[in-house]
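Right, one structure below, let's go through it.
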Amino acid sequence: MAKLSIRNLDFSGKEVLMRVDFNVPLKDGVITDDTRIQAAVPTIRHLVDGGAKLVLCSHLGRPKGGPEAKYSLAPTAAHLGSILGKTVKLAPDCVGVEAAAMRAALGAGEVLILENTRFHAEEEANDKDFAKQLAGSAEIYVNDAFGTAHRAHASTEGVTHFIPTSAMGFLMERELQYLCDELEKPAKPFLVIMGGAKVSDKIQVITALMEKADAFIIGGAMANTFRKAQGYHTGNSRVEADKLDLALEILAKAKAKGVRFLLPADTRITQEFKDGAATQVTAPYEQGGETPDGWEGIDIGDVAIREFSDEVAKARTIIWNGPMGVFEIENFAKGTRAIAEAVAQATTKGAVTIIGGGDSVTAVNQFGLDDKMTFISTGGGASLELLEGKELPGVAALNNA
Ligand code: AMP
């Protein structure tokens, strides 16, 4: 069901409570990456320009249910102020007398940030009274915090029961457009690239996308689990020993459905898991290649890179979640970089390419290819849950269009 968009609302002179995801990385009180703040700016500007009395709320980090200076949203208020070129005030708490007074004093086009919602345990407990206080006298609620939309917390779900109108912001709208609508009837061939640490984290996504995908590419430590399940020797590679049956079930299912399921033909291996470590590539598995004891697979091999890149070039819709190897270490990043480049190339040739959150986003940014993808999700857990076909509580709670 399509959700109400802020495009269709009049904000003039109205108090608007907007949930943002300002959970930014901080070092000694300084924001080290402001992507999440920048991502919310188009919606914030739209509301400010529309004359809203704008109240922002967010969580930051994992405080233990009480105030902690290191998790204060103060740096985000200052940073947003400098982006907007106007004062952005910070309320000392997200609820209570002072916050209420500051909200009431807001003029049209002014912006206030409430202090970290997770300074109250009631936030994650989705406590009704707390949600009611947080809602205050807001007339419209806007949710642009896609990254937390899979959580039914007071600021993402509870407040909607106490505010007459609840709508999605531009960021939320784009996330839903690419991770839901675009994948409803994807242009074919539809390729799913999965990598990362564990099969168990991605099993539900793989199962859900198996219904629509023409092909899967599997990389990362996940691939070791599949190869081990097939009976190959994986040496000291990271493997989920209790997921071998599951891996075989997935392979059987893909076969039964006629979905091509590509595992890396060969593997880049090392004896030392560290920066600057020497690596080798195994012979292809089909030709007897295996990972010897004392060695571990840390990336896909060169034949795999070639085969996977060819597959990427054929696809018209691509969704990618999880790196092909340990991309954080330069010597182990070749496979992830090659696939990122192949996906970027596919975008230029007209494919819809979606980077579905988490570490693949970090990788694509690291390689400077972020502006070469059709869409990069800002959610990790939230994008996975959407791809699993689940309804996100923070989305379900919004008004229908
Ligand atoms: P995920 O969060 O599940 O997407 O997993 C991402 C993590 O998996 C990254 O930190 C990678 O370094 C790690 N990873 C990818 N491939 C391997 C591998 N072959 N062995 C160990 N870790 C890996």
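Every number for a ligand or one of its atoms is a count from 1 in the order of the listing. A quick note: this is a predicted structure, and the numbers were derived from the prediction, not measured.
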**Message:** Please report whether ligand 1 has a polar contact with Gly297, defined as an N or O pair separated by less than 3.5 Å (distance criterion only).
**Reply:** yes

**Message:** For Tyr285 versus Asp266, what's the shortest heavy-atom pair and its separation?
**Reply:** CE1-CA, 3.9 Å

**Message:** Counting only heavy atoms closer than 4.0 Å, does ligand 1 sit against the backbone of Ile298, its side chain, both, or neither?
**Reply:** backbone

**Message:** Under the side chain to side chain contact (heavy atoms under 4.5 Å, CB included) test against Phe216, which residue among Glu311, Arg260, Met210 passes?
**Reply:** Met210

**Prompt:** Applying a strict 4.0 Å limit to heavy atoms, is Glu296 in contact with ligand 1?
**Reply:** no

Show the atom names and distances, to 0.1 Å, of all donor-acceptor pairs under 3.5 Å that link a side chain in residues 360-375 to residues at least two apart or in another chain.
| unit_1 | atom_1 | unit_2 | atom_2 | d |
| --- | --- | --- | --- | --- |
| Ser360 | OG | Gly322 | N | 2.9 |
| Ser360 | OG | Gly357 | O | 3.2 |
| Asn365 | ND2 | Val361 | O | 3.4 |
| Gln366 | NE2 | Phe327 | O | 3.2 |
| Thr374 | OG1 | Thr353 | N | 2.8 |
| Thr374 | OG1 | Thr353 | OG1 | 3.2 |

**Prompt:** Judged by atom type as modelled, is there a donor-acceptor pair below 3.5 Å linking the side chain of Glu157 to the main-chain atoms of Pro393?
**Reply:** no

**Request:** Could you tell me whether Arg19 sits above the aromatic face of Tyr141, with NZ or CZ closer than 6.0 angstrom to the six-membered ring centre and within 45 degrees of the axis?
**Result:** no

**Nearest non-hydrogen partners of Leu84 and Arg45, listed with the distance** = CD2-NH1, 3.9 Å

Name the atoms and distances for all side-chain donor-acceptor pairs under 3.5 Å in residues 243-255, with sequence neighbours left out.
none

**Item:** Protein residue, atom and distance nearest to atom 3 (O) of ligand 1, heavy-atom basis
**Value:** Ala197 N, 3.1 Å

**Request:** Check ligand 1 against Pro323 and write out every atom of the ligand that is under 4.0 Å from a heavy-atom position of the residue.
**Result:** 4 (O), 6 (C)

**Message:** Any nitrogen or oxygen of Glu328, side chain or backbone, less than 3.5 Å from one on ligand 1?
**Reply:** yes

**Asked** In the protein, what heavy atom is nearest to atom 7 (C) of ligand 1, and what distance, to one decimal place, separates them?
**Response** Asp359 OD2, 3.8 Å

**Request:** Compute the shortest N/O to N/O distance between Lys202 and ligand 1 and return yes if it is under 3.5 Å, no if not.
**Result:** yes

**Prompt:** Does an N or O anywhere in Ala221 fall below 3.5 Å from an N or O of ligand 1?
**Reply:** yes

**Message:** Does the protein come close to atom 9 (C) of ligand 1 - that is, does one of its heavy atoms sit below 4.0 Å from that atom?
**Reply:** yes

**Message:** Side chains of Thr225 and Glu240: any donor to acceptor distance under 3.5 Å?
**Reply:** no

**Asked** Between Gly196 and ligand 1, is there a nitrogen or oxygen pair with a distance under 3.5 Å?
**Response** no

**Item:** Closest protein heavy atom (residue, atom, distance) for atom 22 (N) of ligand 1
**Value:** Val326 CG2, 3.6 Å

